[in-house]
Amino acid sequence: MGSPEIEQVKYTGPRDGDAEKGERIALNVRWGNCLACHSLPKGHEGGTIGPNLSNYGARGLPFEYTFQRIWDGRVYSPNAHMPVYGPNGVLSVEDILDVIAFIESGK
């Protein structure tokens, strides 16, 4: 099975994610598993393949950028090791909003 086509999205809906649910997604090995590659807010020390996200909220990056990075980061980095969560149906829009709420809580 090949990789899905690169999918650029423009999310314009509500931005009301649940940070607690996002934390559960990010830490769950069979769901988001963000901890495998990133350190995360609230003292979750993780892998070093990806950037440290423990203070992500303090960076002030645009919401649209963050959403796209999680949905399909190949738009920015075609050879990135980031999983293709959106096009592969691993995370829903709601799941991604929750993860964003969690990682943006790190300031």
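These numbers come from a predicted model, not from an experiment. Start at 1 with the first residue, then count along the sequence.
With contacts defined as side-chain heavy-atom distances shorter than 4.5 Å, the pair Arg74/Val84 qualifies. In this structure the side chain of Trp31 reaches within 4.5 angstrom of the side chain of Leu91, judged on heavy atoms. Side-chain contact between Asn88 and Pro4 is present, with heavy atoms from C-beta onward closer than 4.5 Å. Using a 4.5 Å cut-off on side-chain heavy atoms (C-beta onward), Cys37 and His81 make no contact. The side-chain heavy atoms of Ile96 and Ile25, taken from C-beta on, include no pair separated by under 4.5 Å. Put simply, the side chain of Arg59 does not reach to within 4.5 Å of the side chain of Ile103, judged on heavy atoms. Contact annotation: the side chain of Ser77 approaches that of Arg69 to within less than 4.5 Å [non-hydrogen atoms, C-beta and beyond]. Inter-residue side-chain proximity for Lys21 and Asp95 is flagged as met; some heavy-atom pair is nearer than 4.5 Å.
Rounding to the nearest 0.5 angstrom, the gap separating the CH2 atom in Trp71 from the OG atom in Ser92 is 8.0 Å. Separation of atoms CD (Glu45) and OG (Ser54) is listed at 7.0 Å; rounding is to 0.5 Å. The line from OG of Ser105 to NZ of Lys42 is 7.0 Å long, rounded to the nearest 0.5 Å.
Under the side chain to side chain contact (heavy atoms under 4.5 Å, CB included) rule, Phe102 has a single partner from Asp18, Leu40, Leu27, which is Leu40.
Taken together through direct or relayed side-chain contacts under 4.5 Å among Ile, Leu, Val, Met, Phe, Trp and Tyr, Tyr85 and Val93 form part of one hydrophobic cluster. Ile49 and Val99 are not part of a single hydrophobic cluster, where members link through side-chain heavy atoms under 4.5 Å apart.
By the neighbour-count criterion of 12 heavy atoms within 6.0 Å, atom CD of Glu64 is densely surrounded, having more than that number from other residues, nucleotides or ligands. Leu61 CG: more than 12 foreign heavy atoms inside a 6.0 Å radius.
Checking side-chain atoms of Ser39 against main-chain N and O of Gly46 turns up a donor-acceptor pair under 3.5 Å. Listed for the Gln68 side chain is a donor-acceptor partner under 3.5 Å among the backbone atoms of Asp72.
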Kindly indicate, with the supporting measurements, whether the criterion side-chain contact (heavy atoms from CB on, under 4.5 Å) is fulfilled by Leu97 and Phe63.
CA-CA 10 Å; Leu97 294 174; Phe63 178 87; 3.5 Å; yes

Yes or no on side-chain contact (heavy atoms from CB on, under 4.5 Å) for His44 and Glu23, after CA distance, side-chain angles and deciding distance?
CA-CA 10 Å; His44 297 292; Glu23 182 176 10; 2.6 Å; yes

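Taking the six-membered ring for Trp and thresholds of 30 and 60 degrees, Tyr11 and Phe67 have nearly parallel ring planes, at less than 30 degrees apart.
In this model, a donor atom of one side chain and an acceptor atom of the other lie less than 3.5 Å apart for Thr66 and Tyr56. Side-chain N/O atoms of Asn28 and Arg24 include no donor and acceptor closer than 3.5 Å.
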